[in-house]
There are 2 protein chains.
Amino acid sequence: MTIGVLAEAAGVGVETVRFYERKGLIAQPRKPQRGFRYYAPETVERIRFIRQAQELGFTLRETRELLSLRTAPGADCAAVRAQAQAKLDDVMEKTRRLEAICQALQTLIAACPGKGPTVACTILDAFGSQGSQGAPQQVKVRRKQTKAQPSGSMKTLVLSISGMHCAGCTETVKSLLELEEGVQTAALSLEEAKARILYDSTVTEPGRLVKVVERAGYSASTPAE
Amino acid sequence: MTIGVLAEAAGVGVETVRFYERKGLIAQPRKPQRGFRYYAPETVERIRFIRQAQELGFTLRETRELLSLRTAPGADCAAVRAQAQAKLDDVMEKTRRLEAICQALQTLIAACPGKGPTVACTILDAFGSQGSQGAPQQVKVRRKQTKAQPSGSMKTLVLSISGMHCAGCTETVKSLLELEEGVQTAALSLEEAKARILYDSTVTEPGRLVKVVERAGYSASTPAE
DNA sequence: ATAGACTCCGTACCATGATACGGAGTCAAC
DNA sequence: GTTGACTCCGTATCATGGTACGGAGTCTAT
């Protein structure tokens, strides 16, 4: 299979395959000098493994080490064994920590429907220690790029926003606003409780942006209203 | 506590604390306008949690979402619950995958001191065949044939080899020796920790063979030395 | 009240893990 | 044997998660 087919099958880009090759994670299967790469079908699995390992927090270096662990002629058995054991210890430690987070989440969920009006239970509370802080939630959306417009259609809107009580809140609101079509940038100030939004007035309008903020659980108003 | 003390306690740099603050992962605890940051002691835990999450492959954005999950006073408990449940599903999926890697490593380790033939068992072999015994691949090695010589140039060398602690090791050494030019056969004994090598003294010599073994990570010596 | 240690803040820089680009080369199908 | 899709390769660019710098400001102890 050629690189494009492989990439497609493994769910990555062609460039990524070449990148992994450069990093020594997959072999370079070229005939003699110049020609296409032709891959064995099992390479798909290899790439999927790499992606999984990435998502689990392994670096490419570590992943390469994992992949090259083998009991084979030419490799020192004892050394391989020791390496594998070391990796195994790492992985088990990771598993333990993940399970701790898992449990903390379950605790959090169990505590949630509870009656108490002012129960501020965060994952850290459930995790072992104290500490609290919070921000309303939001939905993850893909971002639609808004290019800078040449001339007078770009306007600045200043919104007063209440309910933002930490930097996390401002980040949330900033992200939401910048995800909105027509918004080029949004500068948030926690101290002033304000957002300065540069937007394209031919694409969106203040009322819309106010709604965006309010949908996140804050209240917003245009100061000159 | 000031930022330096906090950073020290959490095992990160001062700049990192400021960085997390900018990203909205920890609150900015400044008094009025200009002055030092003073942190509550539990912030240490918070930072440690962030580092752990990082190592487990969570992005800072995800970590922030985890940290800001809470059962807030009054409002939409159901939403928080749903969010937490979604996170929990993610985390459990991660845990499952880590455990798969864990198992693959254990399989790999278990295979090492195991059976006779030279199996090339990589983590991918162990990984793909979850539970079911997927065929371990026979490594194909190119052998340079050494024909039996007619007369007196064939000699036998006995090497004492230490470091071989499983049948896999003896197979490895055997393969390596028999790949060597001039070697006709090598008989390995795990119990005696010895190799009996039939070789052509016009082509190779004991010192060379010792090197072959040592290059694989074992120590070898000629007994009559 | 002054030294010395620490902190502030913006900005520049870094490594990792990708992605994008573009002109030339390759291949398979017609 | 020409076309058109795909590939090659080097290099440039990007996002994330930090790290480093440096001049000015702040704290604390003496």
Side-chain angles (χ1 to χ4, degrees), chain A residues 1-39 43 46-67 140 142-143 145 147 167 171 174-175 178-179 185 187 189-191, chain B residues 1-39 43 46-67:
Chain A
M1 66 204 314
T2 58
I3 196 171
V5 177
L6 170 67
E8 169 83 8
V12 302
V14 167
E15 316 290 335
T16 304
V17 176
R18 289 209 309 122
F19 176 72
Y20 288 162
E21 180 184 300
R22 277 205 298 284
K23 291 293 175 179
L25 283 142
I26 56 186
Q28 7 189 20
R30 221 88 39 75
K31 311 217 183 156
Q33 284 292 335
R34 302 229 175 288
F36 286 7
R37 294 167 176 85
Y38 293 103
Y39 294 91
T43 313
R46 194 174 178 95
I47 290 177
R48 282 209 255 255
F49 180 86
I50 296 168
R51 293 320 291 248
Q52 262 191 45
Q54 282 298 98
E55 278 164 27
L56 292 171
F58 293 95
T59 64
L60 286 186
R61 175 180 307 273
E62 288 170 321
T63 307
R64 191 181 45 209
E65 285 167 6
L66 275 178
L67 283 169
K140 202 177 234 170
R142 195 129 310 276
R143 136 175 237 157
Q145 264 299 91
K147 300 285 180 194
E171 279 282 320
K174 179 178 163 73
S175 301
E178 290 185 344
L179 278 172
T185 60
S189 163
L190 180 59
E191 300 77 36
Chain B
M1 65 204 316
T2 58
I3 194 169
V5 178
L6 170 66
E8 168 83 9
V12 301
V14 167
E15 316 289 335
T16 303
V17 176
R18 291 210 309 122
F19 176 73
Y20 288 162
E21 181 185 299
R22 277 204 300 284
K23 290 294 175 179
L25 283 141
I26 56 185
Q28 2 188 23
R30 223 85 40 74
K31 309 217 181 161
Q33 284 292 336
R34 300 239 176 281
F36 286 8
R37 296 167 176 83
Y38 292 104
Y39 295 91
T43 313
R46 195 175 177 94
I47 290 177
R48 282 210 256 253
F49 180 86
I50 296 168
R51 293 319 292 244
Q52 260 191 46
Q54 282 298 99
E55 277 164 28
L56 292 171
F58 293 94
T59 64
L60 287 185
R61 177 178 303 272
E62 288 171 321
T63 307
R64 177 154 53 78
E65 285 167 7
L66 274 179
L67 283 169

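Numbered from 1 within each chain, the chains take letters A, B, ... in sequence-line order.
The distance between atom CD of A/E55 and atom C1' of D/dT16, rounded to the nearest whole Å, is 16 Å. Between B/R22 atom CZ and C/dT7 atom P the separation is 16 Å, expressed in whole Å.
On a pure distance criterion of 3.5 Å, a polar donor-acceptor pair joins the side chain of B/R18 and the base of C/dG10.
Residues from residues 1-15 of chain A with heavy atoms under 4.0 angstrom of DNA chain D, sorted by number: A/T2, A/I3, A/G4.
Judged as a side chain to side chain contact (heavy atoms under 4.5 Å, CB included), and not counting sequence neighbours, the contacts of A/F19 are A/R22, A/K23, A/L60. Annotation: side chain to side chain donor-acceptor pair (under 3.5 Å) contacts of A/R37 (sequence neighbours excluded): A/E21. In this structure B/E15 satisfies the side chain to side chain donor-acceptor pair (under 3.5 Å) test with no other residue, sequence neighbours excluded. For A/E65, the salt bridge (Lys or Arg N to Asp or Glu O under 4.0 Å) partners are A/K87, not counting sequence neighbours. Partners of A/E55 by side chain to side chain contact (heavy atoms under 4.5 Å, CB included), not counting sequence neighbours, listed by chain and number: B/R97. Taking the side chain to side chain contact (heavy atoms under 4.5 Å, CB included) definition, one finds that B/T16 meets it with B/V12, B/Y20, B/R51, sequence neighbours left out. Residues passing the ring pair (Phe, Tyr, Trp, His ring centres under 6.0 Å) test with B/Y39, sequence neighbours excluded: none. Residues passing the salt bridge (Lys or Arg N to Asp or Glu O under 4.0 Å) test with A/R48, sequence neighbours excluded: A/E45.
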Report, one pair per line, the protein and nucleotides 23-30 of chain D atoms (nitrogen or oxygen only) whose separation is under 3.5 Å.
none

Can you check nucleotides 15-17 of chain C for protein contacts, nitrogen or oxygen pairs under 3.5 Å, and list what you find?
residue : atom : partner : partner atom : Å
C/dG17  : OP1  : A/L60   : N            : 2.9

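In this structure a side-chain-to-backbone donor-acceptor pair under 3.5 Å is missing from B/T43 to B/R46.
To the nearest 0.5 angstrom, B/I50 atom CD1 is 4.5 Å from B/L25 atom CG.
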